[in-house]
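Data first, discussion second: the structure below is written as structure tokens.
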Amino acid sequence: MESVRERQWRCIAASSSLRWLTERFLGFESTMNDYRHLSLNCSIKKWLPALTCMNCQLFGVGLFSIFSFFVQPVAKEFGVGVGLLNTGAVFVLVAPALIGPVLGHFADTVSIRNIMLVGTLVAMPALLVVSVSQTVVLLAVAFLFYAAGQALYGPIVVNALLIRQYPLTAGRALAIAALGHSLGPVVLPFVAATLLDIVGWREGLRYIAVAVGLILLTTVLIGIPPGTDSNRHQDRKNQVTLGNRQFLSVPAFWIIGISISLVFNAAMLVNISYAPHFSKLGFGRADIATFIASGGLAGLTAKVLVGIYLDACAIR
């Protein structure tokens, strides 16, 4: 007579959807025997850095999905135009571009784990300062620090870590991390809408800053153990490196970089207009959150499909 544990494994193995997702997306084998002998701890440990990077993207780029909810109440309290506050979005976009070359160098030479921790310790206290700001100048300066801190646990360091950590399954790892981009719009707008309705923008922003800071610090400390990227120096020895002039002369760098920047940044800039625009049309915050979440859900589905087939197909 089979045990309860064996029945549980049999039910898991019988689930065709779970088998398909785990085989395709995480690379696990789904036969009964493999599930029985597979060490779940080892599997989680293998993908923990990627899941941690997903969390960083969720509370980095994904956090940007709630920016538009705060524009109108902040503009009303400070007596400024919505357009002026939307320049804060430019800070988020410009900061990675300005510190990108330096950050890329540090990502190759310094522990990425430490970079992410520093970024969190800069960004979240900056959001707390934003929540208590009494002048537009202090608001702008604090948000600039937030944008800089967010860049330290953003796509540059995330991609550097994952490409190094998962050389044979980089496409899948990057897709897992990119899920955070879409999970943010799916979940966070409802959180922001609820907080704004209950406690207002200042208290709501404080709750978000404290919660996100604690979550990021905990997940980075646990999910990226010390020495995770300790092979970076060996990687640099084994690879042929290009000088800055040679690197910038590669056409693919400009074609891919500019294309991604246009698509990605255009979507972010459109996103900041959702809440003010739909508010003028008479929609409530919950309705706006639902609209943003529907777009995030579509992106989430697309990223899962990309992650499944990216390593198996020609990227071109």
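Considering every non-hydrogen atom in both A123 and Q150, the closest pair reads CB-N, 3.8 Å. Looking at every heavy atom in both residues, V157 comes nearest to A107 through CG1-CB, 4.4 Å. Looking at every heavy atom in both residues, C53 comes nearest to L161 through SG-CD2, 3.8 Å. Among all heavy-atom pairs drawn from A126 and A142, the shortest one is CB-O, 3.3 Å. Listed here is the closest heavy atom pair of P189 and I66: N-CG2, 3.7 Å. Closest non-hydrogen pair, A173 versus A50, comes out as O-CB, 4.3 Å.
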- Begin with the C-alpha distance, continue with both residues' side-chain angles, and end with the deciding distance and a verdict on side chain to side chain contact (heavy atoms under 4.5 Å, CB included) for V80 and V74. CA-CA 8 Å; V80 298; V74 173; 6.0 Å; no
- Item | Working for ring pair (Phe, Tyr, Trp, His ring centres under 6.0 Å), residues F69 and W201 | CA-CA 9 Å; F69 286 89; W201 78 268; over 10 Å; no
- Verdict with reasoning, L117 to L221, per side chain to side chain contact (heavy atoms under 4.5 Å, CB included): CA-CA 8 Å; L117 291 174; L221 287 171; 3.8 Å; yes
- Message: Using the rule given for side chain to side chain contact (heavy atoms under 4.5 Å, CB included), can you reason through L217 versus M124, listing the C-alpha separation, both sets of side-chain angles and the distance that settles it, and then say yes or no?
- Response: CA-CA 10 Å; L217 289 175; M124 294 308 116; over 6 Å; no
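With hydrogens and angles disregarded, no donor-acceptor distance shorter than 3.5 Å links the side chain of R113 to the backbone of G223. Looking at Q57, its side chain never comes within 3.5 Å of a backbone N or O of H181 through a donor-acceptor pair.
Residues L63 and Y207 fall within the same hydrophobic cluster, defined by Ile, Leu, Val, Met, Phe, Trp and Tyr side chains chained together at heavy-atom separations under 4.5 Å. Transitive grouping of hydrophobic side chains (ILVMFWY, heavy atoms separated by less than 4.5 Å) brings I112 and I163 into a common cluster. Hydrophobic clustering of Ile, Leu, Val, Met, Phe, Trp and Tyr side chains at less than 4.5 Å, counting indirect connections, unites V71 with V136. Hydrophobic clustering places V220 together with V122 (ILVMFWY residues linked when any side-chain heavy atoms are closer than 4.5 Å, directly or through intermediates). Criterion: ILVMFWY side-chain heavy atoms under 4.5 Å apart, direct or through other members. Under it, L297 and I176 are part of a common hydrophobic cluster.
Apart from L128 itself, the hydrophobic cluster it occupies contains V210, L214, where clustering links Ile, Leu, Val, Met, Phe, Trp and Tyr at side-chain heavy-atom distances under 4.5 Å. Applying the under-4.5 Å side-chain rule to Ile, Leu, Val, Met, Phe, Trp and Tyr, the cluster around F190 consists of that residue alone.
A side chain to side chain contact (heavy atoms under 4.5 Å, CB included) with L58 holds for exactly one of V187, T219, L216, L188; it is L188.
Of the inter-residue distances, the one linking T109 atom OG1 with I115 atom CD1 reads 7.0 Å to the nearest 0.5 angstrom. Rounding to the nearest 0.5 angstrom, the gap separating the CZ atom in F78 from the CG atom in L139 is 5.0 Å. In this structure, SG in C56 is found 11.0 Å from CG in L152, a value given to the nearest 0.5 Å.
You'll find the side chain of N55 reaches within 4.5 Å of the side chain of I215, heavy atoms only. In this structure, the side chains of I222 and T52 stay at 4.5 Å or more apart for every pair of heavy atoms. Inter-residue side-chain proximity for R206 and V199 is flagged as unmet; no heavy-atom pair is nearer than 4.5 Å. Counting heavy atoms from C-beta outward, I208 and F70 have side chains that approach closer than 4.5 Å. Under the 4.5 Å side-chain criterion, counting only non-hydrogen atoms from C-beta, Y146 is not in contact with V130.
Ring geometry, F67 versus F64: the interplanar angle falls under 30°, so the pair is classed parallel (tilted spans 30 to 60°).
Shown here is F145, whose CZ atom has no more than 12 heavy atoms of other residues, nucleotides or ligands within 6.0 Å.
Take D287 and apply the salt bridge (Lys or Arg N to Asp or Glu O under 4.0 Å) test, not counting sequence neighbours, and it matches no residue.
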